[in-house]
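As structure tokens, the structure follows; a few thoughts come after it.
Proteins get letters first, then strands, A, B, ... in listed order; numbering begins at 1 in each.
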4 protein chains.
Amino acid sequence: MSLGKLMGVPADDSPARRGRRKEARPGELLDAALDLFVEKGFAATRSEEVAARAGVSKGTLFLYFPTKEELFKAVVRENISGRFAEWNEEFETFEGSTPDMVRYCMRVWWERIGATRASGITKLIISEARNFPDIAAFYHQEVIAPGTKLVQRILERGMARGEFGAIDIEYTVFSIVAPMVYLTMMKHSVGACVPQDFEVDPERYVNTQVDNLLHGLCVRAGEKQA
Amino acid sequence: MSLGKLMGVPADDSPARRGRRKEARPGELLDAALDLFVEKGFAATRSEEVAARAGVSKGTLFLYFPTKEELFKAVVRENISGRFAEWNEEFETFEGSTPDMVRYCMRVWWERIGATRASGITKLIISEARNFPDIAAFYHQEVIAPGTKLVQRILERGMARGEFGAIDIEYTVFSIVAPMVYLTMMKHSVGACVPQDFEVDPERYVNTQVDNLLHGLCVRAGEKQA
Amino acid sequence: MSLGKLMGVPADDSPARRGRRKEARPGELLDAALDLFVEKGFAATRSEEVAARAGVSKGTLFLYFPTKEELFKAVVRENISGRFAEWNEEFETFEGSTPDMVRYCMRVWWERIGATRASGITKLIISEARNFPDIAAFYHQEVIAPGTKLVQRILERGMARGEFGAIDIEYTVFSIVAPMVYLTMMKHSVGACVPQDFEVDPERYVNTQVDNLLHGLCVRAGEKQA
Amino acid sequence: MSLGKLMGVPADDSPARRGRRKEARPGELLDAALDLFVEKGFAATRSEEVAARAGVSKGTLFLYFPTKEELFKAVVRENISGRFAEWNEEFETFEGSTPDMVRYCMRVWWERIGATRASGITKLIISEARNFPDIAAFYHQEVIAPGTKLVQRILERGMARGEFGAIDIEYTVFSIVAPMVYLTMMKHSVGACVPQDFEVDPERYVNTQVDNLLHGLCVRAGEKQA
DNA sequence: AATGAATGAGGGTTCATTCAT
DNA sequence: GATGAATGAACCCTCATTCAT
């Protein structure tokens with residue numbers, strides 16, 4: 001269970017740079033740009049810095065991306081591969097209970113998104129949405145809307161199977177999404193600056209959020225109190 | 001009653017503004033700066049724009065704040081006066097049940113913080129923390145740490161009074177904070193660009209989050225299903 | 001008869017610079033830009049150089065002209081004040097013979113245009129027309145077309161009064177315009193680089209061109225040869 | 001007969017082009033460069049564009065010309081092979097009248113120079129002389145001076161044979177050169193942008209200029225008026 | 001010889017900051 | 001205090017030139 005490694009930044013590889021590698025360049029530049037845009041924001045990131053981190057010169061960056069803004073858009077696009085087809089299929093074939101599905105869902109989200117460099121996109125979008133409304137719209141359409149729909153289907157499954165009570169499905173989506181987004185923010189924002197107090201254990205975090213969400217804080221009628 | 005001011009500070013909104021008296025200047029500049037920093041980020045906000053929105057000239061801004069960075073810090077400081085001593089006292093005197101306290105807490109947080117311009121500070125800090133680590137540290141010390149402690153005390157009260165089950169108090173703090181932060185993000189970020197789907201009703205939002213958190217999604221043993 | 005001073009460049013005045021002179025700036029910048037654009041062309045002229053010649057810093061230039069291209073267009077516009085109304089009136093009230101009018105016309109063109117810094121515009125337009133087609137169209141409409149019409153009217157006057165023979169009026173316009181343009185080119189182009197052989201005396205130049213044009217090179221039937 | 005090549009050099013136009021053999025490369029590059037330099041000027045022409053128009057890659061250009069400036073100089077040199085020795089000899093053997101010689105000279109100049117791509121050199125030199133003073137000096141020495149001398153000899157022949165009156169030979173050279181230069185400017189500059197009004201018929205142009213120059217506009221004593 | 005990926009100096013433009021009025 | 005013209009460092013981007021293949 002590779003849930004660990006919270007909040008770490010994958011060190012640049014750079015083993016044997018120095019060979020014309022046309023195909024690799026855009027990817028390296030996008031990786032560098034993602035890191036820097038997430039860290040400093042779009043405006044505060046200098047093109048030259050992106051190039052330097054990718055191990056190339058300033059001019060090379062513009063060989064692949066005509067403007068800094070196009071680089072930004074490519075970064076977003078690159079990190080939003082529509083994985084929802086895959087995830088929807090996983091949903092269809094999942095055989096356990098819906099509570100298990102919720103827990104599985106959040107764990108898997110952490111493993112595949114939260115723990116990876118791609119999670120920075122969330123912070124990036126939140127920070128830059130109003131400067132790039134079309135990017136915000138694109139993100140909404142490609143990520144938020146499908147994600148919301150998937151979570152809704154999970155909740156509906158739970159209700160249909162009698163596992164969940166009568167809940168406000170539409171707004172309960174936020175109860176699942178908010179903790180994930182919040183963990184991402186911690187990782188990429190304040191948590192990256194004030195580390196001592198934010199040594200969050202992702203597994204414990206996910207488990208706690210799921211436990212609380214499924215069963216509530218309140219003692220249940222007929223239950224023994226601790 | 002002032003528990004509601006938890007976790008943020010209402011920007012002193014329009015009491016006797018419009019006086020165009022000298023004393024009002026810094027406040028108007030801070031208000032303008034807050035709005036713009038939240039909307040566009042620190043780097044993308046131009047000093048002249050702040051001045052213009054405050055109704056003064058570019059030069060005047062630098063009469064009150066020696067640099068743009070100092071203006072930024074003042075904006076954060078101004079919107080984070082540490083009222084936690086007062087709020088802690090309010091906590092002591094609260095007389096209702098702890099679940100009521102949680103619900104009241106979140107409702108009032110929305111009214112006094114979330115719905116006001118001060119809520120932008122949260123987005124601002126998240127966006128700029130890594131560019132201003134000392135500001136992040138300051139925010140952590142002045143807001144996050146006391147806020148966390150206060151929420152912990154609420155949770156402890158609930159457990160002590162037998163209202164809450166055996167919960168992981170330290171990580172359950174996030175279950176209360178995450179929905180609030182998430183609502184703030186929606187308001188100030190993507191939600192401000194892609195409105196149609198984000199017409200969130202704050203009251204319904206808060207109620208749903210609190211309901212889910214207190215009682216959980218799962219049907220309870222012995223309960224009737226809907 | 002101030003025909004002289006051919007090919008000289010008026011030295012910059014700059015007596016007591018150093019006082020905020022908002023109104024004067026645009027004019028000084030346009031003068032500096034005209035000189036440099038004429039000398040080096042649009043692309044080879046650096047913005048900073050224009051600013052320096054006008055005695056201001058680089059940034060100041062952009063306070064008055066949003067882009068280098070707008071500066072260029074302003075330079076052209078500024079130096080094409082429609083003097084044709086005035087000239088047309090001079091034409092109407094001219095009382096001498098048409099040959100005298102032709103000679104007067106060319107002399108006056110030299111005094112008012114050819115000898116001044118404005119004559120550089122002609123070289124500038126010739127050099128840059130294809131890079132700025134809209135400017136070329138503008139110049140055509142504001143200068144070439146009215147100028148052509150004026151010269152045509154002169155020629156028509158000469159024919160109507162029996163002073164000129166049966167000439168191809170439309171193409172004879174070029175016989176008057178070409179020498180003027182050519183003199184301008186000498187002044188602002190090769191003549192400015194290879195001076196020794198181009199010490200052209202403008203008065204002699206104009207007189208020779210007019211004499212040749214009016215009377216022709218060929219000896220006339222019944223005339224004595226020199 | 002080769003008097004016609006006066007004052008310019010026809011770019012060796014498409015004899016057995018399309019061979020894509022190595023020897024053709026520099027010539028194709030020079031042709032492409034001439035066109036582009038004439039159209040856009042030296043500074044605004046990109047090396048890569050020259051290469052592309054010549055059908056080779058950017059690197060190949062620099063295989064043949066070490067710098068863009070050397071390319072420019074080669075373009076000028078290539079189009080100015082000093083054929084004046086030959087032309088002077090042609091002048092010696094011309095058998096017609098001097099007025100015929102003048103007319104023949106201008107007609108043939110148009111056919112062999114004015115109408116070909118080589119005529120662009122004139123505009124190029126006018127536009128760039130001050131950025132390349134050594135090129136201007138070279139052009140002066142190779143083209144202007146010999147051309148001037150040749151025209152002077154023509155004029156002197158006319159006077160010596162009693163065909164021309166007492167003219168200012170030195171400055172009358174301009175009466176012959178200016179119309180040719182002016183036609184070239186029309187072709188390569190404004191006339192290329194504002195076509196409708198510049199549909200000049202070269203034959204009519206040359207005839208009109210020569211007629212006017214030889215016989216003058218004024219009616220002659222003892223002539224019938226039209 | 002030919003290519004085209006890579007470089008980096010250079011130039012247009014922005015904008016925080018200064019300062020004379 | 002208030003203003004806004006002026007400054008110049010900094011940044012995005014271009015393009016002549018290099019060089020490994």
Can you check whether C/Tyr64 has a side-chain N or O nearer than 4.0 Å to OP1 or OP2 of F/dA5?
-> no
Measure from CD on D/Glu70 to P on F/dT17 and round the result to the nearest Å.
-> 10 Å
Whole-Å gap separating C1' (F/dC11) and NZ (A/Lys40) = 14 Å
Measure the distance from CD on B/Glu48 to P on E/dT18 and round it to the nearest whole Å.
-> 16 Å
Whole-Å distance separating the CG atom of B/Leu61 from the P atom of E/dT17 | 9 Å
What's the CZ-C1' distance between D/Phe62 and E/dA6, to the nearest Å?
-> 14 Å
Figure out the CG/C1' separation between A/Leu63 and F/dA16, and round it to whole Å.
-> 14 Å
Are a donor atom and an acceptor atom from the side chains of D/Thr60 and D/Ser57 found within less than 3.5 Å of each other?
-> yes
Those stems involving DNA chain F that have three or more consecutive Watson-Crick or G-U pairs, both distances under 3.5 Å, are E:2-21 with F:2-21
How do A/Ala43 and D/Thr67 order along DNA chain F: which one's closest nucleotide is nearer the 5' end?
-> A/Ala43
Do B/Leu61 and B/Phe65 touch side chain to side chain, with heavy atoms closer than 4.5 Å?
-> yes
Measure up the A/Phe72 and A/Phe37 rings against each other and bin them: parallel (under 30°), tilted (30 to 60°), perpendicular (over 60°).
-> perpendicular
Short side-chain N/O contact to F/dT3 OP1/OP2 from B/Ser57, under 4.0 Å | yes
Atom CZ of A/Arg25 to atom P of E/dA5: distance rounded to whole Å?
-> 11 Å
Any side-chain heavy atom of C/Val75 sitting closer than 4.5 Å to one from C/Leu124?
-> yes
Quickly work out the B/Glu69 CD to E/dT17 C1' distance and round it to whole Å.
-> 14 Å
Under-3.5 Å N/O pairs linking protein and nucleotides 9-11 of chain E:
from   : atom 1 : to      : atom 2 : distance (Å)
E/dG10 : O6     : A/Lys58 : NZ     : 3.1

Do side-chain atoms of D/Lys68 reach the backbone of D/Thr45 as a donor and acceptor pair under 3.5 angstrom?
-> yes
Is any NZ, NE, NH1 or NH2 atom of the basic residue among B/Lys73 and B/Asp134 found under 4.0 Å from an Asp or Glu carboxylate oxygen of the other?
-> yes
